[in-house]
J.: 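Dropping the structure in here first, questions after.
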Amino acid sequence: MADSDVGTARGAYGSGAYGSGGGGRRSARAVTVTAAGVLAMATLAVGCGPQDPGADALRQPPARATTAPPAPAPSPTDDGKGATGDTAPPASPSVSPPASPSAPPAAPVTAPPPTARPSTAPPPPRILLQTGSEGAQVRELQARLRQIGHFGRTPTGYYGTVTAEAVRSFQAKRGTEATGATDAVTWRKLLAMTRTPTADELDPPTERPVAKPDERCMTGRVLCISKKSRTLAWMIDGRVVSAMDVRFGSEYTPTREGEFPVFWKSRDHVSTLYDTPMPYALFFSGGQAVHYSADFAVNGYGGASHGCVNVRDKAKVAALFDQVKNGDKVVIYW
């Protein structure tokens, strides 16, 4: 209560106005004002607890305030009647009660941490073919690359360093990551730029033209091998059944020339001298044989054998292996 309010309240009590109620009835308490009432009136004028601790013994129940403190708009249970009205509820305390000691302090409002968004990066494309792969799809890949100038050899069906380099060249030119492995994206781009290879493109007779057969090749079953053209022609009674590219030994390990019989066939042979695979080996002179060479398929004529006749095309030499019999002739000439 402000100082002016204290004066106003004191004047009202002194003039006997405290005895008049809202409905005209006289309050019995106002008539029998005692010294204790005077003390209670003084306490009310202060607006809070007694200042003197000794006055607690004389303290009376708090009187009703003559004026209500500022409050929200009247409600059905608070019709705004005076404090002395018989039906009016007690006025609300003028001072807000302290917060409950058990109530925790309000936590500062902070923004929630940002929620981590899941990665939206697409997964890497699936690898279809890569170094070491073999088969018909590799042959088709090589044929399609050859159509657009990225593979300068006859398809072999083996995915070696030459094929990987051709794929890498194609990828770099098309703006994709040049890995050298054929993934799904690379394959789709290649299909869109090329046509389905023909049988001759997939399996040409040979990369090199077959030489004119030696006279010894014109009769019987003969592996007719020309060092000049670097080709092998499988001939039966003067007719070429199949042909394939071959390479020979170096000057330090030359391939023997002449006419020889096939004396041993070994499908999954491994050289005991050089510890290297010699699949589909057809032995004709000592340790020399016609066989498939993975190194030849990968590196071409950049290398040489240890005296054997290397075949680059695995599918062709595999078919040859099944047809040739022990005793068939091998003719090697210039």
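None of these values were measured; they are calculated from a predicted model. Hydrogens, waters and symmetry mates are skipped; everything else that's a heavy atom, side chains included, is used.
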J.: Does Tyr158 reach the side chain of Val138, with side-chain heavy atoms less than 4.5 Å apart?
T.: no

J.: Treating Arg247 as the side-chain partner and Val311 as the backbone partner, does any N or O pair qualify as donor plus acceptor under 3.5 Å?
T.: no

J.: Please give me the minimum heavy-atom distance between Ile127 and Ala181, naming the atom from each residue.
T.: CD1-CB, 4.1 Å

J.: Any sub-3.5 Å donor-acceptor pair from Lys189's side-chain atoms to Gln171's backbone N or O?
T.: no

J.: Counting C-beta onward and ignoring hydrogens, is there a side-chain heavy-atom pair between Arg139 and Asp313 closer than 4.5 Å?
T.: yes

J.: Is it true that the NZ or CZ of Arg230 lies under 6.0 Å from the centre of Phe248's six-membered ring and within 45 degrees of the ring axis?
T.: no

J.: Could you tell me if His306 and Thr253 have a donor-acceptor pair between their side chains, going purely by distance under 3.5 Å?
T.: no

J.: Out of curiosity, Gln142 CD to Phe151 CZ, how far, rounded to the nearest 0.5 Å?
T.: 4.0 Å

J.: Distance from Asp183 atom CG to Glu177 atom CD, nearest 0.5 Å?
T.: 8.5 Å

J.: Testing the 3.5 Å rule here: is there a donor-acceptor pair between the side chains of Thr156 and Arg312?
T.: no

J.: Indicate the atoms forming the closest heavy-atom contact of Thr255 with Cys308, along with that distance.
T.: OG1-O, 3.5 Å

J.: Answer yes or no: is there a side-chain heavy-atom contact under 4.5 Å between Leu191 and Arg188?
T.: no

J.: Any non-hydrogen side-chain atom of Gln147 less than 4.5 Å from a side-chain atom of Pro197?
T.: yes

J.: Give the minimum heavy-atom separation between Met235 and Cys224, together with the two atoms involved.
T.: SD-CB, 3.9 Å

J.: Rounded at 0.5 Å granularity, tell me how far CZ in Phe260 sits from CZ in Phe283.
T.: 14.5 Å

J.: Quick check: do Tyr159 and Thr182 have side-chain heavy atoms less than 4.5 Å from each other?
T.: yes

J.: Is a salt bridge present between Arg216 and Asp214, judged by a nitrogen-to-oxygen distance below 4.0 Å?
T.: yes

J.: Distance check, rounded to the nearest 0.5 Å: Leu320 atom CG versus Leu282 atom CG?
T.: 6.0 Å

J.: Starting from Tyr280, can I reach Val324 by hopping between I/L/V/M/F/W/Y residues whose side chains sit under 4.5 Å apart?
T.: yes

J.: Looking at Lys265 and Asp328, is there a salt bridge between them, counting it only when a charged N and a carboxylate O are closer than 4.0 Å?
T.: no

J.: Any sub-3.5 Å donor-acceptor pair from Glu259's side-chain atoms to Lys329's backbone N or O?
T.: no

J.: So Phe296 and Tyr301, ring pair (Phe, Tyr, Trp, His ring centres under 6.0 Å) or not? Walk me through it.
T.: CA-CA 7 Å; Phe296 184 25; Tyr301 291 101; 5.1 Å; yes

J.: What closest approach, in Å, do His269 and Ala281 show between heavy atoms, and which atom pair accounts for it?
T.: CB-CB, 4.1 Å

J.: Tell me the closest heavy-atom pair linking Ser250 and Ala304, and the distance in Å.
T.: N-CB, 3.9 Å

J.: What is the distance from atom SG of Cys217 to atom CG of Asp237, rounded to the nearest 0.5 Å?
T.: 12.5 Å

J.: For Gly286 and Arg256, work out which heavy atoms get closest and say how close.
T.: N-NH1, 4.5 Å

J.: Between Tyr333 and Lys227, is there a side-chain heavy-atom distance shorter than 4.5 Å?
T.: no

J.: Return yes if some donor-acceptor pair links the side-chain N/O of Thr194 with the main-chain N/O of Leu190 below 3.5 Å, else return no.
T.: yes

J.: State plainly whether the residues Arg146 and Glu201 are in salt-bridge range, i.e. N to O under 4.0 Å.
T.: no

J.: Say whether, by atom type as modelled, one donor and one acceptor occur between the side chain of Ser293 and the main chain of Asn310 under 3.5 angstrom.
T.: no

J.: A side-chain contact here means heavy atoms from C-beta on lying under 4.5 Å apart; do Gln288 and Ile332 qualify?
T.: no

J.: Could you tell me if the side chain of Lys316 sits less than 4.5 Å from the side chain of Phe321, heavy atoms only?
T.: no

J.: Backbone N or O of Thr231 within a donor-acceptor pair of the Asp245 side chain at under 3.5 Å?
T.: no

